[in-house]
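One structure is given below, encoded as structure tokens.
Order of appearance sets the numbers: ligands from 1, and atoms from 1 within every ligand.
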Amino acid sequence: MKKVTVFLGTPRKQATYKGVLEFEGYLRKHAEIEFEYVFLKDYRLEYCLGCKACFDKGEEYCPLKDDRDVLLGKMQASDGIIFATPVYAFQVSAPMKNLLDRLAFVFHRPQFFGKTFTSIVSQGILGGEKIVKYLDSMGEHYGFQVAKGCVLKTLEPTPEAVQASNSRKLEKAAARFHKELMRTSIPVPSLFRLMLFRIARTNIKSMLNPKYRDYRHYEEKGWFESGYYYPVSLGPHKKIFGRLFDLLGTRMFNRP
Ligand SMILES: Cc1cc2nc3c(=O)[nH]c(=O)nc-3n(C[C@H](O)[C@H](O)[C@H](O)COP(=O)(O)O)c2cc1C
């Protein structure tokens, strides 16, 4: 059975939580799924100190000793992840942003290949669409397969038509998520993802050395030589574009 873990940036069991519960109901119509709800408010997560030890030396050198690895472990033990947050001042809530900051090292060394991600954002009036895009891009940078997230309108009292629209969005989002969750193979990357990988590795190879964790990680994983992060048949066009991106990366980092 697939396991899905929801990370909630809301301090309340109200609109965001209720939206995710409804999403769970729709998802369970497609398949039997184990769900876990993780309220970030219940975990101890200090603010990043900005030392970059996680980037340069490795995440185990982070001076903050708190629940970061408990939360990371929950992601690693899941097949699917949902980041759910209310809009606060046109952004994700502070606990959600803090989680993203503390896991920023995963952008350097993506690890969630083959796992599925989506976002559920609740807003009063405005700002949710940009946040869905933001969270979905975070999921991609972590290495997840991303099923586009959705925004719920929750201004109270919520008119019936708005409630019905929220339900339709959740139902469709659950179907998208289910499709990705049940994939049996990891898809070929888009040109954009391929470009990001090839430019990142050129950067790491030309700017860093084995003293840096990123460099050693790329070496250990064989990423300096591979076509992409994971074994995949790129096809003739993407192979050519891959070489062009390598060249582009070299030019970018050698330009004064
Ligand atoms: C501090 C704060 C800031 C908020 N900022 C926004 C905002 O910028 N845009 C918006 O549409 N709603 C905003 N809201 C409304 C919430 O996003 C909305 O009510 C949400 O559904 C609350 O989720 P919850 O019931 O899970 O707490 C804000 C609410 C709070 C408490």
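- What sits closest to atom 22 (C) of ligand 1 on the protein, heavy atoms only, is P86 CB, 3.7 Å.
- You'll find the ring centres of Y142 and F107 inside the 6.0 Å limit.
- Cation-pi geometry between K115 and F144 is not met: the NZ or CZ atom fails to fall both under 6.0 Å from the ring centre and inside 45° of the normal.
- Looking only at heavy atoms of the protein, atom 26 (O) of ligand 1 is closest to T16 OG1, 2.6 Å.
- Scanning all protein heavy atoms for the shortest distance to atom 9 (N) of ligand 1 gives L126 O, 2.8 Å.
- S93 and Y88 get closest at one heavy-atom pair: CB-CD2, 3.7 Å.
- Taking the centre of each ring, Y37 and F7 stay at or above the 6.0 Å mark.
- Of the protein's heavy atoms, G124 N, 3.0 Å lies nearest to atom 12 (N) of ligand 1.
- Of the protein's heavy atoms, Y88 CE1, 3.6 Å lies nearest to atom 31 (C) of ligand 1.
- Ring centers of F197 and Y228: under 6.0 Å apart, within the cut-off.
- Ranking protein heavy atoms by distance to atom 25 (O) of ligand 1, first place goes to R12 NH2, 2.7 Å.
- The T10 neighbourhood of ligand 1 comprises atoms 24 (P), 26 (O), 27 (O), with distances under 4.0 Å to a heavy atom of that residue.
- Cation-pi geometry between K52 and F55 is not met at under 6.0 angstrom from the ring centre and within 45 degrees of the axis.
- L170 has its side chain out of reach of S167: every pair of non-hydrogen atoms, C-beta onward, lies at least 4.5 Å apart.
- Counting the atoms of ligand 1 from 1 in the order shown, those under 4.0 Å from a heavy atom of A89 are 3 (C), 4 (C), 5 (N), 6 (C), 7 (C), 8 (O).
- Of the protein's non-hydrogen atoms, the one nearest atom 20 (C) of ligand 1 is S122 OG, 3.3 Å.
- By the 4.0 Å heavy-atom criterion, G127 is excluded from the residues contacting ligand 1.
- Applying the side-chain contact (heavy atoms from CB on, under 4.5 Å) test to A147 and every residue at least two apart in sequence or in another chain returns T118, R176, F177, E180.
- Polar contact with ligand 1: present for F90 (N/O pair, distance under 3.5 Å).
- Proximity of V87 to ligand 1, defined as any heavy-atom pair under 4.0 Å, is shared by backbone and side chain alike.
- Summary of contacts: the protein heavy atom closest to atom 19 (O) of ligand 1 is T154 OG1, 3.7 Å.
- When the options K65, R213, R68 are evaluated for a salt bridge (charged side-chain N to carboxylate O under 4.0 Å, His left out) with E60, the one that passes is R213.
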